Amino acid sequence: AMILPLTSYNFGYWFNNGKPPHTSRFSPLDLLEDFFGGSQWIKFYLFLIILIVVVHFKSWKTFLSDKKATFFLLLTLGVLVEAAIFQVTSYTPTNNNIFFHSFAFAFIFSFLADYLKLDFSNRKPLVIGFLGLMLWWSGIFWKYMQRFAERVFPVKEASTASAENIINKKTYVIRHEEPEIPMSEWTFSRLKSFEKIYMPKATVEGIDRLLANDTLKNKPGLRVLNMTELTPLTAEMPFQLERGTEIPLWHHLGVGMFNKEAAMFEKRIVNKEYDVVLFEHIPNLNNFYPFRTRDTLLQHYNKVDSFPAPRRGDTQGMIEVYYR
């Protein structure tokens with residue numbers, strides 16, 4: 001009933017289940033491979049839950065009569081199954097199924113609290129539990145503290161000179177790709193739309209160079225194609241987003257747009273319909289932003305600038321600026 005009014009806007013094209021012209025993300029073999037070859041936390045939780053079920057539910061009669069515990073169990077198992085499927089069908093970022101920890105943790109500790117006589121409404125068990133959780137999930141907030149730690153303990157770079165080589169965990173491999181920008185070199189932009197968004201200093205400087213261009217600032221009716229993750233630029237540059245039922249919500253090929261939309265943008269690029277095109281080139285991600293569109297840009301537009309995208313790890317990229 002909710003979807004029916006949207007069918008006139010090509011709903012079946014944008015939100016189908018792997019039917020042509022799109023491909024399915026679901027593979028039973030991938031599901032089995034990810035579960036048995038990995039999924040250590042899901043399987044660990046499942047093991048503990050089975051132990052709790054064996055101890056708590058003495059028989060099927062107990063299982064059926066304890067409706068609260070039964071519902072909690074079925075909900076938790078359902079979330080674990082969902083997480084196992086989700087890691088295959090929505091595989092990036094790699095921890096996007098992180099929600100299952102909350103359900104499994106709540107189930108396990110709610111039963112353990114009864115058996116261990118722990119009352120989390122009292123301050124002492126609550127504080128200990130809170131500190132334990134913070135230690136367990138320290139990786140979540142460490143990435144925010146890391147930039148301060150790097151200023152105190154600077155990262156040593158690998159050296160191939162004849163002088164003594166500094167070898168440690170960070171430097172024992174010589175990487176030939178562009179080195180990752182350390183968090184100590186990240187900063188904030190002065191722009192309102194990027195307020196409190198931490199980015200590499202080179203990214204902030206690249207945005208400032210783009211916005212400082214007099215031609216862009218003074219050109220009415222500016223036409224811009226922004227194929228990057230810097231979406232707040234819409235509020236900073238004098239241009240309107242393209243509108244229409246054929247315009248994708250975002251430019252992730254195979255997810256937010258497909259080959260038909262890529263061909264549409266390429267045709268507009270060939271016809272020089274855009275004054276400026278911003279393209280995010282991420283070499284290690286297979287057509288996250290379509291490589292074919294970048295090839296068309298290199299052929300028909302002038303690349304005038306590039307600066308790092310606000311990314312870390314193996315999926316670093318560059319924001320490229322093209323003028324007509």
Side-chain angles (χ1 to χ4, degrees), residues 23 25 27 30-31 33-35 37-42 83-101 137-150 153-160 166-187 197-207 226-231 250-257 262 278-295 297-298 303 306-321:
T23 57
R25 288 177 164 226
S27 165
D30 288 345
L31 181 63
E33 182 178 346
D34 276 26
F35 182 78
S39 308
Q40 298 303 112
W41 276 112
I42 295 177
I85 297 173
F86 198 63
Q87 67 187 358
V88 175
T89 58
S90 297
Y91 39 81
T92 180
T94 53
N95 66 339
N96 63 357
N97 66 347
I98 198 171
F99 54 81
F100 73 85
H101 289 279
W137 288 96
S138 61
I140 300 299
F141 55 83
W142 167 248
K143 61 184 179 181
Y144 298 105
M145 299 168 56
Q146 185 178 359
R147 62 180 184 265
F148 301 110
E150 285 179 352
F153 307 103
V155 177
K156 292 182 173 63
E157 299 295 335
S159 171
T160 56
I166 300 173
I167 301 297
N168 57 29
K169 181 183 177 182
K170 300 281 189 180
T171 64
Y172 79 98
V173 172
I174 298 176
R175 302 188 182 278
H176 295 285
E177 64 268 17
E178 288 293 323
E180 183 176 293
I181 299 175
M183 290 295 290
S184 58
E185 296 179 18
W186 286 43
T187 185
I197 297 177
Y198 215 53
M199 295 183 292
K201 184 179 179 182
T203 306
V204 175
E205 292 172 347
I207 294 172
N226 184 8
M227 272 196 181
T228 75
E229 294 172 284
L230 300 179
T231 50
W250 72 101
H251 302 103
H252 187 173
L253 190 65
V255 178
M257 58 177 277
L278 306 176
F279 187 90
E280 186 165 341
H281 182 45
I282 310 174
N284 289 350
L285 286 184
N286 184 11
N287 280 291
F288 189 101
Y289 295 100
F291 296 152
R292 50 180 285 183
T293 303
R294 181 174 183 264
D295 293 338
L297 276 169
L298 290 170
K303 188 170 80 167
S306 63
F307 49 88
R311 285 179 158 267
R312 301 185 67 195
D314 296 331
T315 62
Q316 297 179 75
M318 295 294 290
I319 306 290
E320 299 177 337
V321 182

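These numbers come from the heavy atoms of this one structure, side chains and all, not from hydrogens, waters or symmetry mates. Small disclaimer: the values here were computed from a predicted structure and weren't measured.
The aromatic rings of Tyr289 and Phe279 sit perpendicular, their planes meeting at an angle over 60°, well past the 30° parallel limit.
Residues Val204 and Tyr198 have side chains not in contact (no heavy-atom distance under 4.5 Å, counting atoms from C-beta outward). Side-chain contact between Glu229 and Arg311: present, with at least one pair of heavy atoms (C-beta onward) separated by less than 4.5 Å. The shortest distance between side-chain heavy atoms of Met199 and Ile197 falls below 4.5 Å. A 4.5 Å side-chain heavy-atom check between Asn97 and Phe99 finds at least one atom pair inside the cut-off. Using a 4.5 Å heavy-atom cutoff, the side chains of Phe307 and Val321 are in contact. Within the 4.5 Å cutoff, side-chain heavy atoms of Gln87 are placed close to those of Ser39. With a 4.5 Å cut-off on side-chain heavy atoms, Met227 and Thr293 count as touching. Within the 4.5 Å cutoff, side-chain heavy atoms of Met257 are placed close to those of Pro290.
When atom types are taken as modelled, the side chain of Thr187 and the backbone of Lys201 share no donor-acceptor pair closer than 3.5 angstrom. Between the Asn284 side chain and the Asp314 main chain, a donor and an acceptor come within less than 3.5 Å of each other. A donor-acceptor pair is defined here as one N or O able to donate and one able to accept, closer than 3.5 Å; such a pair exists between the side chain of Asn226 and the backbone of Leu230. Under a 3.5 Å cut-off, the side chain of Trp186 and the backbone N or O of Ile181 do form a donor-acceptor pair.
The CG atom of Leu278 sits 9.5 Å away from atom CD1 of Ile207, with the distance rounded to the nearest 0.5 Å. Taken to the nearest 0.5 Å, the CD1 atom of Ile85 stands 12.5 Å off from the CG atom of Asp30. Taken from CD1 in Ile319 to OG1 in Thr228, the straight-line distance is 4.5 Å, to the nearest 0.5 Å.
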> What's the verdict on side chain to side chain contact (heavy atoms under 4.5 Å, CB included) for Trp250 and Val255, showing C-alpha distance, side-chain angles and the deciding distance?
Replying inline: CA-CA 9 Å; Trp250 72 101; Val255 178; 3.6 Å; yes
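In plain terms, the two heavy atoms of Ser90 and Asn96 that are nearest each other are O-ND2, 2.5 Å. When every heavy atom of Trp142 is checked against every heavy atom of Ala149, the shortest pair comes out as CH2-CB, 3.6 Å. In terms of heavy atoms, Thr203 sits closest to Pro308 at OG1-O, 2.6 Å. Here the closest non-hydrogen pair linking Pro200 and Ala309 is CG-O, 4.4 Å. The two residues Val88 and Leu31 have their closest heavy-atom pair at CG2-CA, 3.8 Å.
Among residues two or more places apart in sequence or in another chain, the side-chain contact (heavy atoms from CB on, under 4.5 Å) test is passed with Trp41 by Phe44, Tyr45, Phe100, His101, Trp136. Ser306 is linked by a side-chain contact (heavy atoms from CB on, under 4.5 Å) to Met318, Glu320, counting only residues two or more places apart in sequence or in another chain.
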